[in-house]
There are 2 protein chains.
Amino acid sequence: MTTTSMKDVARAAGVSVGTVSNVLNRPEAVAEETRTRVQAAIAELGYVRNDSARQLRAGRSRTVAVVVLDVANPFFTDVVRGAEPLIESAGGVVTVCDSGEDVRRERRHLEILEEQRVLGLLITPVDDTSASWIERLSGHDIPLVLVDRGAGRHPHCSVAVDDVHGGRLAARHLADRGHARIAFVGGPVSIPQIADRLAGCREVCEERGLALEVFTTAGLNFAAGREAVEQMLGLEQRPTAMFCANDLVALGALQALTMHGVKVPQECAIIGYDDIDFAAAAAVPLSSIRQPRSQLGRTAAQLLFDEIGEGAGHTHRNVVFQPELIARASTAQEL
Amino acid sequence: MTTTSMKDVARAAGVSVGTVSNVLNRPEAVAEETRTRVQAAIAELGYVRNDSARQLRAGRSRTVAVVVLDVANPFFTDVVRGAEPLIESAGGVVTVCDSGEDVRRERRHLEILEEQRVLGLLITPVDDTSASWIERLSGHDIPLVLVDRGAGRHPHCSVAVDDVHGGRLAARHLADRGHARIAFVGGPVSIPQIADRLAGCREVCEERGLALEVFTTAGLNFAAGREAVEQMLGLEQRPTAMFCANDLVALGALQALTMHGVKVPQECAIIGYDDIDFAAAAAVPLSSIRQPRSQLGRTAAQLLFDEIGEGAGHTHRNVVFQPELIARASTAQEL
DNA sequence: CGCACATTTTGAATCGATTCATGAAGGGGT
DNA sequence: ACCCCTTCATGAATCGATTCAAAATGTGCG
């Protein structure tokens, strides 16, 4: 109950509140003797600073929020891991928000983050309808960096991986292996990354005259991969290779194929995207398109603090990384 | 810059701040006409409530923190997922803190959470040295629920899975398959769950006269599993089965064994713990001990709100779930 | 008209930390 | 003794939302 405040500490130590505040925030400005007396009182009373009051005065919180599409996806946890050290060493506090690929959840998070006057934001927007909300935050002077999203015409800093190129890499690899009938599995297509990967894939398919079958899914997880396989197996002209929009989908697909006795890669090759750690450990080690995950996070954090530091005169930077093909057993078969 | 406050809204709408506050918090107490006028002003000015000020007044925040050992471990993300709906439907905001199995990081998080006057806490403590800090929070009236930790003599609510029994299940399963020389891989042993799993395993080994080799690891991830295998392969009397303290370790081990050409389960069986989704999708589908992950989260949240609701007259409850053996290919071989 | 009563609105007090102009105390130099 | 500096400590003002007793306004009825 008795939440002890600075006033209590001040009384106990026989000083003014101003002095207590100084002990906490600029100890060097307080005489040694006074300082130890105040510190003793703090310990004695078990006093804990009230962050709300602090923030109220400061006008900003120390929190940097990272809004991701799916915390259960190792891709995003790695991005967060990459960003954390820099944020923390700058005295920030990281909070992770999971939009779950749902615009409404994303919106709710953004509302709350705005009310909390967060220091800044790293966000992977769910889709283009997120834009207006993001502009709103930005308009209210909350600096933000778009993650895994080529900023295109958005007036923001961003870090991204060239997803169109990633799509090309995957499709070319499958083409090189002799596949002429390819399935793309992923969705919703409203997610820009997915659209880009598909675009790259489509481009190569047209260039090389491959048949492309698109299986749109509602999400990017195990279940999506499994369901897509169920559909695919129903077709008379079954594709000989699948390009899955991320590794979770690919692993789900792999599982379903194995369950149906379809041999991977002999009867159906699979390539995923992200190259999460689990990919290499899969039933059939999974070929994938690797993204520099933690570097993505680190760079995003860097850009954010640059922006915070530079203030008004800041010019936005857009960093684009290149993805990389990692070939493993799941595409090892030449047709 | 111009952070608009309630005062600005009040002026714009020609009412007092009290009325603006009422529009936001008890609209039914405000006359229709006034309400719409105020709402118009809010929209017009793009006003956003300042949560710090709100919290300062309220004395508490709406945030429920979940402190986990490793966000990258699907076990914990599932626990969080299980807890979220209940927390959010109660008007709470969830924040996830990753202690990374590191007491110092955990402590830093707890300090900050205490300063933020969080509404409550779901925590999986790193080890027993966390206890004093947890008592401190608890002493400052922050209700908390221990997750995945039989509260034993701790005066708190808790949800847990019987890890000793889980250890037994795993060991018995291996014994039933004819294994007489077992490796336990996991650590650090200071983590109570790990100690318990080992204890259950040891108990069965002694009971049935199996040789038990313990490989202590520094963490619970892929790398730990790989390293343990390197060590194990060096032995002259190599165990014929491994019990890994969680699935990440097991997958790492599986990967390393495969790389060294050791056939699973013929030459070495593996059983993991948690039964994360990836377990079934592994190179060799992984046997595991399943825990009711999301139920764990849901129940924890439930207990927390019970405690918050009941206030002082609350009696702590300790809920224990039973784990379940899921046998798959990685232990399919009879010796 | 006047009184009782219900409906709205008001605005000052409050939460707790930070800031900063002001003042007090002590030291040195002349 | 006097003045100038430096070093410390003070406490009132401030941040923005909420609360609540009190005031204002309106309604109905005798």
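Values in this document were obtained by computation on a predicted structure and should not be read as measured data. Residue numbering restarts at 1 for every chain, and letters A, B, ... go by the order of the sequence lines.
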Looking for any heavy atom pair under 4.0 Å, which part of the strands does B:R60 touch: base, sugar-phosphate only, or nothing?
nothing
Distance-only polar pair, side chains of A:E106 and A:S130, donor-acceptor under 3.5 Å:
yes
Figure out the CZ/P separation between B:R26 and C:dT7, and round it to whole Å.
15 Å
Under 3.5 Å, N/O pairs linking protein and nucleotides 4-6 of chain D:
none

Could you state the NZ-P distance from A:K7 to D:dA12, rounded to the nearest angstrom?
11 Å
CG of A:L56 versus P of C:dT14: gap in Å, rounded?
17 Å
When you check the side-chain N and O atoms of A:S158 and A:N318, is any donor under 3.5 Å from an acceptor?
yes
We want to know whether A:E114 and A:H109 form a side-chain donor-acceptor pair, criterion being a heavy-atom distance below 3.5 angstrom.
no
Side chains of A:E115 and B:N50: is there a donor and an acceptor less than 3.5 Å apart?
no
Side chains of B:T95 and A:T95 only: does a donor on one sit below 3.5 Å from an acceptor on the other?
yes
Hey, does the side chain of B:N25 come within less than 4.0 Å of D:dA17's phosphate (OP1/OP2), counting only N and O?
no
Looking at A:S21 and A:V17, would you say the former's side chain and the latter's main chain have a donor-acceptor pair under 3.5 Å?
no
Nearest-Å distance, CZ (A:R54) to C1' (C:dA17)?
9 Å
Roughly how far apart are A:E28 CD and A:R35 CZ, rounded to 0.5 Å?
8.5 Å
B:R57 side chain near C:dA13 phosphate (N/O to OP1/OP2, under 4.0 Å):
no
Is the shortest side-chain N to carboxylate O distance from B:R107 to B:D102 below 4.0 Å?
no
Tell me, which of residues 27-45 of chain B have any heavy atom that sits under 4.0 Å from an atom in DNA chain D?
none
With a 6.0 Å cut-off (strictly less than), is the heavy-atom count around CZ of B:R317, excluding the residue itself, greater than 12?
no
Could you tell me the separation between the CG atom of A:D8 and the C1' atom of C:dC15, rounded to a whole number of Å?
13 Å
Without decimals, in angstroms, what is the distance between A:Q116 CD and D:dG16 P?
17 Å
Quick one, which residues of residues 9-22 of chain A touch DNA chain C with a heavy atom under 4.0 Å?
A:G18, A:S21
Does a side-chain N or O of A:R49 approach OP1 or OP2 of C:dT18 to a distance below 4.0 Å, or not?
yes
If I take atom CE in residue A:M6 and atom C1' in nucleotide D:dA12, what distance separates them, rounded to the nearest angstrom?
13 Å
Scan B:V145, B:L119, B:I308 and name whichever one has a side chain to side chain contact (heavy atoms under 4.5 Å, CB included) with B:V64.
B:L119
Write down the distance between CG (A:D51) and P (C:dA17), rounded to a whole number of angstrom.
10 Å
More than 12 heavy atoms of other groups within 6.0 Å of B:E310 CD:
yes
Using only atom types and a distance under 3.5 Å, with no angle test, would you say the side chain of B:Q116 pairs donor to acceptor with the backbone of A:S52?
no
